[in-house]
Amino acid sequence: MVHELPALGYDYDALEPHIDARTMEIHHSKHHQAYINKLNAALEKYPQLQGRAVADLLADLDAVPEDIRGAVRNHGGGHWNHSFFWPLLKKDVDAKGPIVEAIVAQWGSLDTFKKEFSTAAATRFGSGWAWLVLDKEKLAIMSTPNQDTPISDGTTPLLGLDVWEHAYYLLHQNKRPAYIEAFFKVINWEKVNEHYEKRKA
Ligand code: MN3
């Protein structure tokens, strides 16, 4: 057992009513755990890779042995993405700080950014993620399919939104836009600022 489920850092009901406790519990304790179990199973054959940070493996997937490359991409990606996602969620955090200033400088307003990010999240066909990334010092909105992660493209994720149905179906059923709207009420801008400042430093 190499990789382990990180603690959520808050209670399952901490994001109510925007994201419900049952969804958080299943998402964290079942879905995220499953990615970790399958990643660990794939790495069993390659003990030399077991001590490597999953971010390092994802940043250079071509260096991962071919027979487990897909598993590392999917389950390692799932582990990394969810570990990145949980701390991005917190209620009642004001949208302010250097990242918000940079967003306004680039998109003209936070509202315009929200619209474009929401479109990226809503139009990702099937399962995947929407992202705010730093791409060569420039902010960009992108989305990835499945559990693919911006790290594999060489960009630095600052904010991410899981748009797999398992992230919202219990509360919002098929209404992904309602979940995206709820997400904007629980963005932990302090954490997004942290990612941005760390990258700039
Ligand atoms: Mn998920």
Side-chain angles (χ1 to χ4, degrees), residues 1-43 53-55 57-59 61 69-91 117-133 141-153 155-188 191-192 195:
M1 200 61 175
V2 196
H3 296 282
E4 289 181 4
L5 185 68
L8 195 57
Y10 45 83
D11 293 335
Y12 287 129
D13 65 1
L15 306 171
E16 294 264 10
H18 311 295
I19 301 180
D20 61 296
R22 186 77 178 127
T23 295
M24 288 302 293
E25 182 176 1
I26 296 171
H27 200 174
H28 177 255
S29 70
K30 305 292 185 199
H31 289 282
H32 189 171
Q33 183 69 62
Y35 293 118
I36 294 167
N37 294 347
K38 288 174 184 167
L39 172 66
N40 284 334
L43 292 176
V54 69
L57 298 175
L58 293 167
L61 279 169
R69 194 175 298 151
V72 168
R73 178 178 182 165
N74 292 330
H75 306 302
H79 176 31
W80 192 91
N81 287 342
H82 288 85
S83 301
F84 182 77
F85 184 53
W86 308 129
L88 288 169
L89 305 176
K90 192 179 180 183
K91 270 205 299 199
F117 186 95
S118 299
T119 298
T123 57
R124 162 52 56 192
F125 182 75
S127 298
W129 290 73
W131 304 96
L132 169 66
V133 301
I141 292 167
M142 61 179 286
S143 73
T144 56
N146 307 312
Q147 294 296 350
D148 287 1
T149 164
I151 297 177
S152 301
D153 295 330
T155 60
T156 304
L158 305 176
L159 175 68
L161 174 60
D162 185 344
V163 293
W164 284 57
E165 280 189 349
H166 68 223
Y168 60 86
Y169 204 85
L170 289 180
L171 186 62
H172 297 290
Q173 295 79 48
N174 57 319
K175 299 183 284 291
R176 189 190 287 184
Y179 162 68
I180 297 167
E181 191 64 32
F183 167 70
F184 270 88
K185 297 194 173 82
V186 294
I187 293 176
N188 183 357
K191 184 55 77 177
V192 188
H195 292 311

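Ligands are counted one by one from 1 in listed order, and the atoms in each one are counted from 1 as well. Heavy-atom basis, side chains included; hydrogens, waters and symmetry copies ignored.
- Residues W131 and T155 fail the side-chain proximity criterion, which asks for heavy atoms closer than 4.5 Å.
- Protein N/O/S atoms found under 2.8 Å from the Mn ion (ligand 1), listed by chain and residue number: H27 NE2, H82 NE2, D162 OD2, H166 NE2.
- Applying ring pair (Phe, Tyr, Trp, His ring centres under 6.0 Å) to H82 and the options F84, W80, W86 leaves one that passes, W86.
- Around NZ of K90, the count of heavy atoms belonging to other residues, nucleotides or ligands within 6.0 Å does not exceed 12.
- H172 and Y179 have tilted rings, their planes meeting at an angle from 30° to 60° on a 0 to 90° scale.
- Evaluated for a side chain to side chain contact (heavy atoms under 4.5 Å, CB included) with H27, the options I19, L8, D162 yield exactly one hit, D162.
- The environment of CZ in R73 is sparse: at most 12 heavy-atom neighbours from other residues, nucleotides or ligands sit within 6.0 Å.
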